[in-house]
Amino acid sequence: MTWPNDLISDVSSPVPQTMALPLSLRNSVTPPELELIASEELVEIIPLISMERTAFISGAYGPLRPPTKAKIPLWMAMNLKMKKKCHIVPPDWLSVDFLQERLVQETSHPEFSQFPFRFTEMAKLLLDVASDDIQNSDKIRSLLKDIREARQAKSREGLQKIDHSELSLPNLCSMEINEIRPFFVRAMGVLTQLTRDPARQIGV
Amino acid sequence: MPPRRTLLDDDEDFPMAGALTRAAAAAPDPITLDFGAPPETLFQQLVRHWLNERHAPDILPVQAEVLGALLDHIRRQTDTVQALRGDPDSSEAEHVRIMLVQTEVERVKFVVRSYIRTRLYKIEKFARYVVATPEVQEKLSQTELDHAKRFSQLTENHFRVSVLQALPPHQQGLDDNTPFTPPMASEPDKSHAVIVHAREECPPVRLPDGTTMQMQKGQIVLTPYAVVEQLLAVGNVELI
(Lines give C-alpha, C1' and ligand atoms only; values in the text may rest on other atoms or scores of the structure.)
Protein backbone atom coordinates (compact mmCIF):
# COMPACT_ATOMS: atom_id res chain seq x y z
CA MET A 1 0.00 0.00 0.00
CA THR A 2 1.29 3.46 -0.74
CA TRP A 3 0.59 6.47 1.38
CA PRO A 4 -1.06 9.40 -0.28
CA ASN A 5 1.54 12.13 -0.52
CA ASP A 6 -0.40 14.80 1.28
CA LEU A 7 -0.86 12.56 4.29
CA ILE A 8 2.86 11.88 4.58
CA SER A 9 3.79 15.53 4.39
CA ASP A 10 1.10 16.34 6.92
CA VAL A 11 2.50 13.91 9.41
CA SER A 12 6.15 14.77 8.91
CA SER A 13 5.91 18.54 8.69
CA PRO A 14 6.82 20.01 12.06
CA VAL A 15 4.31 22.22 13.78
CA PRO A 16 5.37 25.77 12.97
CA GLN A 17 7.02 27.00 16.16
CA THR A 18 6.90 30.60 15.19
CA MET A 19 4.89 32.85 12.97
CA ALA A 20 7.76 35.26 12.43
CA LEU A 21 8.55 33.84 9.02
CA PRO A 22 6.26 31.52 7.05
CA LEU A 23 7.68 28.08 6.33
CA SER A 24 7.94 28.73 2.60
CA LEU A 25 10.27 31.68 3.18
CA ARG A 26 12.69 30.02 5.57
CA ASN A 27 15.06 28.30 3.20
CA SER A 28 15.14 30.57 0.21
CA VAL A 29 13.81 33.73 -1.30
CA THR A 30 10.77 33.52 -3.56
CA PRO A 31 10.54 34.56 -7.22
CA PRO A 32 8.25 37.53 -6.38
CA GLU A 33 10.87 38.76 -3.91
CA LEU A 34 13.53 38.49 -6.60
CA GLU A 35 11.25 40.49 -8.90
CA LEU A 36 10.97 43.14 -6.23
CA ILE A 37 14.76 43.40 -6.08
CA ALA A 38 15.12 43.37 -9.86
CA SER A 39 12.67 46.24 -10.23
CA GLU A 40 15.25 48.55 -8.66
CA GLU A 41 17.25 48.28 -11.90
CA LEU A 42 17.14 51.32 -14.14
CA VAL A 43 15.35 51.30 -17.50
CA GLU A 44 14.85 53.92 -20.15
CA ILE A 45 11.41 55.35 -20.78
CA ILE A 46 9.75 57.83 -23.11
CA PRO A 47 7.49 59.77 -20.74
CA LEU A 48 4.02 60.89 -21.82
CA ILE A 49 3.65 63.23 -18.85
CA SER A 50 5.86 65.88 -17.31
CA MET A 51 7.18 65.55 -13.82
CA GLU A 52 9.61 67.69 -11.87
CA ARG A 53 12.77 66.13 -10.51
CA THR A 54 11.68 64.30 -7.38
CA ALA A 55 13.62 62.97 -4.40
CA PHE A 56 12.99 59.30 -3.74
CA ILE A 57 14.51 57.10 -1.10
CA SER A 58 16.69 55.42 -3.72
CA GLY A 59 17.76 58.72 -5.28
CA ALA A 60 16.43 61.64 -7.28
CA TYR A 61 14.72 60.93 -10.62
CA GLY A 62 13.39 63.19 -13.32
CA PRO A 63 12.63 65.67 -14.60
CA LEU A 64 10.34 63.96 -17.11
CA ARG A 65 9.73 66.03 -20.24
CA PRO A 66 7.97 64.30 -23.14
CA PRO A 67 9.37 63.11 -25.48
CA THR A 68 12.86 63.21 -23.95
CA LYS A 69 14.03 59.80 -22.80
CA ALA A 70 14.74 59.36 -19.08
CA LYS A 71 16.21 56.64 -16.88
CA ILE A 72 14.13 55.55 -13.91
CA PRO A 73 13.82 52.37 -11.82
CA LEU A 74 11.83 49.56 -13.38
CA TRP A 75 9.13 49.61 -10.68
CA MET A 76 8.48 53.26 -11.44
CA ALA A 77 8.42 52.62 -15.17
CA MET A 78 5.94 49.76 -14.70
CA ASN A 79 3.75 51.94 -12.56
CA LEU A 80 3.65 54.71 -15.17
CA LYS A 81 3.25 52.24 -18.00
CA MET A 82 0.19 50.67 -16.41
CA LYS A 83 -1.35 54.12 -16.20
CA LYS A 84 -0.42 54.70 -19.86
CA LYS A 85 1.88 57.54 -18.90
CA CYS A 86 5.05 56.27 -20.57
CA HIS A 87 6.55 53.90 -23.10
CA ILE A 88 9.34 51.64 -21.93
CA VAL A 89 12.44 51.33 -24.10
CA PRO A 90 13.43 47.67 -23.77
CA PRO A 91 17.10 47.07 -22.83
CA ASP A 92 19.46 46.03 -25.65
CA TRP A 93 19.53 42.44 -24.50
CA LEU A 94 15.76 42.08 -24.81
CA SER A 95 15.78 41.86 -28.60
CA VAL A 96 15.46 39.02 -31.08
CA ASP A 97 18.95 39.61 -32.54
CA PHE A 98 20.72 39.56 -29.21
CA LEU A 99 18.86 36.56 -27.81
CA GLN A 100 19.23 34.59 -31.04
CA GLU A 101 22.97 35.09 -30.94
CA ARG A 102 23.12 34.10 -27.26
CA LEU A 103 21.04 30.98 -27.90
CA VAL A 104 23.54 29.86 -30.54
CA GLN A 105 26.38 30.47 -28.08
CA GLU A 106 24.52 28.72 -25.32
CA THR A 107 23.92 25.59 -27.37
CA SER A 108 27.36 25.43 -29.01
CA HIS A 109 29.57 26.09 -25.96
CA PRO A 110 29.81 24.05 -22.78
CA GLU A 111 29.99 27.07 -20.47
CA PHE A 112 27.16 29.41 -19.51
CA SER A 113 27.02 32.56 -21.63
CA GLN A 114 26.89 35.94 -19.96
CA PHE A 115 23.63 37.65 -19.12
CA PRO A 116 22.70 40.52 -16.83
CA PHE A 117 22.40 39.00 -13.35
CA ARG A 118 18.67 39.70 -12.99
CA PHE A 119 17.69 39.32 -16.65
CA THR A 120 15.04 36.61 -16.10
CA GLU A 121 13.07 38.71 -13.64
CA MET A 122 13.41 41.86 -15.70
CA ALA A 123 12.39 40.11 -18.90
CA LYS A 124 9.32 38.65 -17.22
CA LEU A 125 8.23 41.99 -15.75
CA LEU A 126 8.81 43.85 -19.00
CA LEU A 127 6.97 41.25 -21.08
CA ASP A 128 4.08 41.25 -18.62
CA VAL A 129 3.62 45.00 -18.51
CA ALA A 130 5.07 46.42 -21.68
CA SER A 131 4.81 43.75 -24.36
CA ASP A 132 3.41 46.38 -26.76
CA ASP A 133 6.67 48.35 -26.43
CA ILE A 134 8.78 45.32 -27.30
CA GLN A 135 9.18 44.30 -30.91
CA ASN A 136 8.45 40.64 -31.67
CA SER A 137 7.58 39.89 -28.08
CA ASP A 138 6.29 36.42 -28.97
CA LYS A 139 9.54 35.49 -30.65
CA ILE A 140 11.41 36.87 -27.63
CA ARG A 141 9.35 34.76 -25.27
CA SER A 142 10.14 31.60 -27.17
CA LEU A 143 13.85 32.47 -27.39
CA LEU A 144 13.97 33.10 -23.64
CA LYS A 145 12.35 29.72 -23.08
CA ASP A 146 14.90 27.96 -25.32
CA ILE A 147 17.77 29.70 -23.56
CA ARG A 148 16.35 28.73 -20.20
CA GLU A 149 16.14 25.09 -21.21
CA ALA A 150 19.66 25.04 -22.60
CA ARG A 151 20.98 26.54 -19.37
CA GLN A 152 18.95 24.24 -17.15
CA ALA A 153 20.52 21.24 -18.85
CA LYS A 154 23.95 22.67 -18.03
CA SER A 155 23.00 23.24 -14.40
CA ARG A 156 22.02 19.61 -14.07
CA GLU A 157 25.33 18.51 -15.55
CA GLY A 158 27.12 20.82 -13.14
CA LEU A 159 25.69 18.82 -10.28
CA GLN A 160 28.14 16.04 -11.10
CA LYS A 161 31.01 18.24 -9.99
CA ILE A 162 29.61 18.96 -6.55
CA ASP A 163 31.65 17.96 -3.50
CA HIS A 164 31.59 18.92 0.15
CA SER A 165 33.69 22.05 -0.08
CA GLU A 166 33.15 24.27 -3.07
CA LEU A 167 31.42 24.54 -6.44
CA SER A 168 31.87 27.50 -8.74
CA LEU A 169 28.75 28.72 -10.54
CA PRO A 170 30.07 31.14 -13.17
CA ASN A 171 27.59 33.31 -15.07
CA LEU A 172 24.54 31.86 -13.39
CA CYS A 173 21.72 34.32 -12.98
CA SER A 174 19.78 35.13 -9.87
CA MET A 175 16.63 33.22 -10.80
CA GLU A 176 18.63 30.17 -11.90
CA ILE A 177 20.57 30.17 -8.66
CA ASN A 178 17.34 30.30 -6.73
CA GLU A 179 16.01 27.40 -8.74
CA ILE A 180 18.94 25.08 -8.12
CA ARG A 181 19.50 26.19 -4.53
CA PRO A 182 17.34 23.71 -2.58
CA PHE A 183 18.77 20.67 -4.33
CA PHE A 184 22.39 21.83 -4.48
CA VAL A 185 22.45 22.96 -0.86
CA ARG A 186 21.00 19.67 0.28
CA ALA A 187 23.41 17.69 -1.87
CA MET A 188 26.35 19.52 -0.36
CA GLY A 189 24.90 18.94 3.11
CA VAL A 190 24.75 15.21 2.55
CA LEU A 191 28.30 15.17 1.21
CA THR A 192 29.47 17.15 4.25
CA GLN A 193 27.93 14.57 6.54
CA LEU A 194 29.55 11.74 4.63
CA THR A 195 33.02 13.27 4.80
CA ARG A 196 32.88 14.44 8.40
CA ASP A 197 35.49 13.22 10.79
CA PRO A 198 34.61 9.51 11.08
CA ALA A 199 35.37 9.53 14.82
CA ARG A 200 32.38 11.77 15.40
CA GLN A 201 30.07 9.38 13.57
CA ILE A 202 30.50 6.48 16.00
CA GLY A 203 27.32 5.66 17.78
CA VAL A 204 25.07 7.56 15.40
CA MET B 1 -5.98 60.98 7.27
CA PRO B 2 -6.44 58.09 9.71
CA PRO B 3 -5.28 55.10 7.62
CA ARG B 4 -1.90 56.65 6.76
CA ARG B 5 -1.50 57.65 10.36
CA THR B 6 -1.91 54.08 11.52
CA LEU B 7 0.72 52.87 9.10
CA LEU B 8 3.13 55.42 10.42
CA ASP B 9 2.46 54.54 14.03
CA ASP B 10 3.00 50.96 13.16
CA ASP B 11 6.49 51.80 12.02
CA GLU B 12 7.35 53.68 15.13
CA ASP B 13 7.02 50.43 17.00
CA PHE B 14 9.95 48.96 15.17
CA PRO B 15 12.55 48.07 17.74
CA MET B 16 15.67 49.49 16.19
CA ALA B 17 14.36 52.75 14.88
CA GLY B 18 15.26 54.96 17.79
CA ALA B 19 18.51 56.65 18.72
CA LEU B 20 19.94 56.64 15.25
CA THR B 21 17.98 59.39 13.61
CA ARG B 22 21.11 61.47 13.16
CA ALA B 23 22.27 59.15 10.38
CA ALA B 24 19.24 60.37 8.49
CA ALA B 25 20.89 61.60 5.32
CA ALA B 26 19.97 59.39 2.41
CA ALA B 27 23.37 60.05 0.93
CA PRO B 28 25.32 56.97 -0.08
CA ASP B 29 27.23 55.28 2.67
CA PRO B 30 30.61 57.02 2.95
CA ILE B 31 32.21 53.80 4.16
CA THR B 32 31.81 52.19 0.76
CA LEU B 33 35.24 52.19 -0.79
CA ASP B 34 34.36 50.78 -4.17
CA PHE B 35 35.70 53.32 -6.63
CA GLY B 36 34.57 51.58 -9.78
CA ALA B 37 30.85 51.11 -9.24
CA PRO B 38 28.52 53.82 -7.92
CA PRO B 39 28.27 53.57 -4.13
CA GLU B 40 25.37 51.56 -2.75
CA THR B 41 22.34 53.52 -1.69
CA LEU B 42 20.93 52.90 1.78
CA PHE B 43 18.13 50.82 0.36
CA GLN B 44 20.55 48.71 -1.67
CA GLN B 45 22.52 48.12 1.52
CA LEU B 46 19.40 46.99 3.33
CA VAL B 47 18.46 44.66 0.46
CA ARG B 48 21.94 43.13 0.61
CA HIS B 49 21.74 42.62 4.38
CA TRP B 50 18.20 41.29 4.05
CA LEU B 51 19.32 38.62 1.55
CA ASN B 52 22.37 37.80 3.67
CA GLU B 53 20.11 37.32 6.67
CA ARG B 54 17.67 35.19 4.69
CA HIS B 55 20.37 32.83 3.44
CA ALA B 56 22.74 32.65 6.40
CA PRO B 57 22.12 29.82 8.86
CA ASP B 58 23.47 32.00 11.70
CA ILE B 59 22.14 35.29 13.11
CA LEU B 60 24.12 38.17 11.54
CA PRO B 61 24.99 41.44 13.26
CA VAL B 62 22.02 43.80 13.35
CA GLN B 63 22.19 46.65 10.82
CA ALA B 64 20.80 49.25 13.19
CA GLU B 65 22.29 52.28 11.41
CA VAL B 66 21.00 51.39 7.96
CA LEU B 67 17.62 50.50 9.38
CA GLY B 68 17.36 53.61 11.53
CA ALA B 69 18.32 55.91 8.66
CA LEU B 70 15.85 54.24 6.30
CA LEU B 71 12.98 54.32 8.76
CA ASP B 72 13.68 57.97 9.28
CA HIS B 73 13.65 58.57 5.55
CA ILE B 74 10.36 56.69 5.24
CA ARG B 75 8.88 58.94 7.90
CA ARG B 76 10.05 62.10 6.14
CA GLN B 77 8.70 60.91 2.77
CA THR B 78 5.37 60.07 4.39
CA ASP B 79 5.23 63.50 6.02
CA THR B 80 5.91 65.20 2.69
CA VAL B 81 3.15 63.18 1.06
CA GLN B 82 0.78 64.17 3.87
CA ALA B 83 1.57 67.83 3.34
CA LEU B 84 1.17 67.61 -0.44
CA ARG B 85 -2.10 65.74 -0.21
CA GLY B 86 -3.56 68.46 1.96
CA ASP B 87 -3.04 70.92 -0.88
CA PRO B 88 -6.41 71.17 -2.68
CA ASP B 89 -5.14 72.61 -5.98
CA SER B 90 -2.44 70.09 -6.78
CA SER B 91 -2.20 69.17 -10.45
CA GLU B 92 -2.46 65.73 -12.02
CA ALA B 93 1.30 65.57 -12.40
CA GLU B 94 1.54 66.20 -8.70
CA HIS B 95 -0.77 63.25 -8.03
CA VAL B 96 1.49 60.99 -10.04
CA ARG B 97 4.48 62.11 -8.02
CA ILE B 98 2.68 61.45 -4.76
CA MET B 99 1.61 58.04 -5.95
CA LEU B 100 5.17 57.13 -6.95
CA VAL B 101 6.63 58.30 -3.65
CA GLN B 102 4.05 56.26 -1.75
CA THR B 103 4.72 53.20 -3.87
CA GLU B 104 8.40 53.41 -3.09
CA VAL B 105 7.74 53.84 0.62
CA GLU B 106 5.67 50.64 0.57
CA ARG B 107 8.46 48.78 -1.23
CA VAL B 108 11.02 49.86 1.34
CA LYS B 109 8.68 48.99 4.19
CA PHE B 110 8.22 45.52 2.76
CA VAL B 111 11.95 44.86 2.87
CA VAL B 112 12.30 46.37 6.36
CA ARG B 113 9.54 44.11 7.67
CA SER B 114 10.90 41.02 6.01
CA TYR B 115 14.38 41.76 7.38
CA ILE B 116 13.10 42.12 10.93
CA ARG B 117 10.88 39.07 10.68
CA THR B 118 13.75 36.96 9.37
CA ARG B 119 15.83 37.93 12.37
CA LEU B 120 12.91 37.34 14.70
CA TYR B 121 12.46 33.86 13.30
CA LYS B 122 16.10 32.96 13.94
CA ILE B 123 16.12 34.59 17.36
CA GLU B 124 13.13 32.55 18.45
CA LYS B 125 14.52 29.39 16.92
CA PHE B 126 17.89 29.81 18.68
CA ALA B 127 16.57 31.63 21.77
CA ARG B 128 18.17 29.34 24.33
CA TYR B 129 21.46 29.33 22.45
CA VAL B 130 21.41 33.14 22.28
CA VAL B 131 20.82 33.43 26.02
CA ALA B 132 23.72 31.08 26.73
CA THR B 133 26.22 32.67 24.30
CA PRO B 134 27.47 36.22 24.99
CA GLU B 135 29.22 36.53 21.58
CA VAL B 136 25.90 36.07 19.81
CA GLN B 137 24.20 38.60 22.04
CA GLU B 138 26.48 41.31 20.68
CA LYS B 139 24.92 40.86 17.26
CA LEU B 140 21.43 41.65 18.55
CA SER B 141 19.78 44.95 19.25
CA GLN B 142 18.65 45.53 22.83
CA THR B 143 15.02 44.90 21.90
CA GLU B 144 15.91 41.67 20.13
CA LEU B 145 17.97 40.51 23.09
CA ASP B 146 15.13 41.23 25.52
CA HIS B 147 12.82 39.28 23.28
CA ALA B 148 15.21 36.33 23.11
CA LYS B 149 15.46 36.25 26.91
CA ARG B 150 11.72 36.43 27.46
CA PHE B 151 11.06 33.89 24.76
CA SER B 152 13.50 31.33 26.13
CA GLN B 153 12.18 31.85 29.64
CA LEU B 154 8.62 31.27 28.46
CA THR B 155 9.46 28.08 26.59
CA GLU B 156 11.51 26.75 29.50
CA ASN B 157 8.67 27.40 31.92
CA HIS B 158 6.29 25.75 29.55
CA PHE B 159 8.47 22.64 29.22
CA ARG B 160 8.80 22.44 32.99
CA VAL B 161 5.13 22.82 33.77
CA SER B 162 3.84 20.58 31.02
CA VAL B 163 6.39 17.72 31.05
CA LEU B 164 9.65 18.00 32.94
CA GLN B 165 8.31 18.26 36.48
CA ALA B 166 6.69 14.84 36.07
CA LEU B 167 9.99 13.21 35.09
CA PRO B 168 12.64 11.76 37.44
CA PRO B 169 15.08 14.52 38.57
CA HIS B 170 18.00 13.36 36.41
CA GLN B 171 15.87 13.68 33.28
CA GLN B 172 14.65 17.18 34.00
CA GLY B 173 17.65 19.07 32.62
CA LEU B 174 17.40 21.18 29.49
CA ASP B 175 21.15 21.41 28.97
CA ASP B 176 22.21 17.77 29.02
CA ASN B 177 25.31 17.19 26.99
CA THR B 178 24.98 13.62 25.87
CA PRO B 179 27.68 12.54 23.41
CA PHE B 180 26.55 11.69 19.87
CA THR B 181 23.21 13.42 20.16
CA PRO B 182 22.38 16.91 18.97
CA PRO B 183 22.56 19.63 21.66
CA MET B 184 19.30 20.33 23.47
CA ALA B 185 19.32 24.00 22.58
CA SER B 186 19.27 24.32 18.78
CA GLU B 187 22.35 25.98 17.38
CA PRO B 188 22.98 27.39 13.91
CA ASP B 189 24.42 24.78 11.55
CA LYS B 190 27.44 26.51 10.09
CA SER B 191 28.17 23.67 7.69
CA HIS B 192 24.96 24.57 5.86
CA ALA B 193 25.82 25.44 2.25
CA VAL B 194 25.26 28.96 0.95
CA ILE B 195 25.74 30.62 -2.42
CA VAL B 196 28.12 33.56 -2.25
CA HIS B 197 28.94 36.34 -4.66
CA ALA B 198 32.30 38.09 -4.25
CA ARG B 199 31.79 41.86 -4.14
CA GLU B 200 35.51 42.41 -4.43
CA GLU B 201 38.70 40.40 -4.56
CA CYS B 202 38.77 38.33 -1.39
CA PRO B 203 41.61 37.13 0.82
CA PRO B 204 42.14 33.36 0.59
CA VAL B 205 39.96 31.14 2.76
CA ARG B 206 40.37 27.55 3.86
CA LEU B 207 38.01 24.93 2.46
CA PRO B 208 36.83 21.84 4.37
CA ASP B 209 38.93 19.58 2.13
CA GLY B 210 42.09 21.39 3.28
CA THR B 211 42.75 23.41 0.12
CA THR B 212 42.40 27.17 -0.09
CA MET B 213 40.14 29.24 -2.27
CA GLN B 214 40.63 32.82 -3.35
CA MET B 215 37.57 34.41 -4.86
CA GLN B 216 37.85 37.02 -7.58
CA LYS B 217 35.44 39.89 -7.83
CA GLY B 218 32.15 38.73 -9.33
CA GLN B 219 32.76 35.05 -8.72
CA ILE B 220 29.79 32.96 -7.55
CA VAL B 221 30.44 29.90 -5.41
CA LEU B 222 28.45 27.30 -3.51
CA THR B 223 30.26 26.50 -0.26
CA PRO B 224 29.58 25.78 3.42
CA TYR B 225 28.70 28.88 5.44
CA ALA B 226 31.64 28.41 7.81
CA VAL B 227 34.08 28.96 4.92
CA VAL B 228 32.83 32.46 4.10
CA GLU B 229 31.64 33.54 7.55
CA GLN B 230 34.55 35.97 8.02
CA LEU B 231 34.36 37.34 4.46
CA LEU B 232 30.66 38.00 4.97
CA ALA B 233 31.27 39.80 8.26
CA VAL B 234 33.75 42.15 6.57
CA GLY B 235 31.51 42.67 3.55
CA ASN B 236 33.82 41.09 0.95
CA VAL B 237 31.02 38.80 -0.16
CA GLU B 238 27.23 38.71 -0.16
CA LEU B 239 24.86 35.77 -0.07
CA ILE B 240 22.58 35.41 -3.06
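Note that these values count all heavy atoms, side chains included, but never hydrogens, waters or copies made by symmetry.
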At a heavy-atom separation under 4.5 Å, does Ile162(A) approach chain B through its side chain, its backbone, both, or neither? side chain
What closest approach, in Å, do Ser114(B) and Glu33(A) show between heavy atoms, and which atom pair accounts for it? OG-OE2, 4.1 Å
Does the side-chain contact (heavy atoms from CB on, under 4.5 Å) test come out yes or no for Leu51(B) and Ile37(A), once each step is laid out? CA-CA 10 Å; Leu51(B) 291 183; Ile37(A) 298 167; 3.7 Å; yes
Considering non-hydrogen atoms only, spot the tightest contact between Gln77(B) and Phe56(A) and give its length. NE2-CA, 3.7 Å
Residue Val196(B) versus chain A: region with a heavy atom under 4.5 Å: neither
Need one label for Val101(B): side chain, backbone, both or neither, based on atoms under 4.5 Å from any heavy atom in chain A. both
When you look at Val111(B) and Leu36(A), which way does the side-chain contact (heavy atoms from CB on, under 4.5 Å) test go after all the steps? CA-CA 9 Å; Val111(B) 178; Leu36(A) 178 122; 3.7 Å; yes
Flag if over 12 foreign heavy atoms under 6.0 Å of CZ, Arg148(A): no
Checking Ile123(B) against chain A: side chain, backbone, both or neither under 4.5 Å from a heavy atom? neither
Checking the side chain of Arg117(B) only, and the main-chain atoms of Pro22(A) only, is there a donor and an acceptor separated by less than 3.5 Å? no
Count the heavy-atom pairs under 4.5 Å between each of Thr155(B), Thr223(B), Ile220(B) and chain A, then report the option with the highest count. Ile220(B)
Given that the side chain runs from C-beta out, which part of Met215(B) has a heavy atom under 4.5 Å from chain A: side chain, backbone, both or neither? neither
Winner by heavy-atom pair count (cut-off under 4.5 Å) against chain B, out of Lys85(A), His164(A), Lys83(A): His164(A)
With a 4.5 Å cut-off on heavy-atom pairs, point out which of Lys122(B), Met99(B), Gln44(B), His197(B) contacts chain A the most. Met99(B)
Donor-acceptor pairs under 3.5 angstrom involving side-chain atoms of residues 112-119 of chain A: please list them, not counting sequence neighbours.
{"residue": "Ser113(A)", "atom": "OG", "partner": "Glu106(A)", "partner atom": "OE1", "Å": "2.5"}
{"residue": "Arg118(A)", "atom": "NH1", "partner": "Ser174(A)", "partner atom": "OG", "Å": "3.4"}

Are Ser58(A) and Arg107(B) close enough that a side-chain donor and a side-chain acceptor fall under 3.5 Å? no
Between CD1 of Ile177(A) and CD1 of Ile195(B), what distance do you get to the nearest 0.5 Å? 5.5 Å
Other residues, nucleotides and ligands only: do more than 12 of their heavy atoms fall within 6.0 Å of CG on Asn27(A)? no
Does Arg54(B) form a side-chain contact (heavy atoms from CB on, under 4.5 Å) with Leu25(A)? I'd like the steps, not just the answer. CA-CA 8 Å; Arg54(B) 281 288 282 277; Leu25(A) 302 185; 3.6 Å; yes
Evaluate the side-chain contact (heavy atoms from CB on, under 4.5 Å) criterion for residues Arg181(A) and Leu222(B): first the C-alpha distance (whole Å), next the side-chain angles of each, then the deciding distance (0.1 Å), finally the verdict. CA-CA 9 Å; Arg181(A) 182 192 331 271; Leu222(B) 172 77; over 6 Å; no
Can you tell me which of Arg186(A), Glu40(A), Met76(A) forms the most heavy-atom pairs within a distance under 4.5 Å of chain B? Glu40(A)
Shortest non-hydrogen pair, Ser165(A) vs Leu207(B), comes out as O-CD2, 3.7 Å
Non-hydrogen atoms of chain B under 4.5 Å away: do they reach the side chain of Ala187(A), the backbone, both or neither? neither
Atom CD1 in Ile57(A), atom NE2 in His73(B): separation rounded to 0.5 Å? 5.0 Å
Rounded to the nearest 0.5 Å, what separates atom OG1 in Thr118(B) from atom CG in Leu21(A)? 4.5 Å
Take a 6.0 Å sphere around CD of Gln230(B) and say whether it holds more than 12 heavy atoms from other residues, nucleotides or ligands. no
Rounded to the nearest 0.5 Å, what separation is found between the CZ atom of Arg97(B) and the CG atom of Leu64(A)? 10.0 Å
Counting only non-hydrogen atoms closer than 4.5 Å, can you tell me which residues of residues 44-54 of chain A sit against chain B? Ile49(A), Ser50(A), Met51(A), Glu52(A), Arg53(A), Thr54(A)
Which portion of Leu80(A) sits near chain B, non-hydrogen atoms under 4.5 angstrom: side chain
Does Ser168(A) reach the main-chain N or O of Val221(B) with its side chain, forming a donor-acceptor pair under 3.5 Å? no
Within a radius of less than 6.0 Å around CG of Asp132(A), do more than 12 heavy atoms belonging to other residues, nucleotides or ligands occur? yes
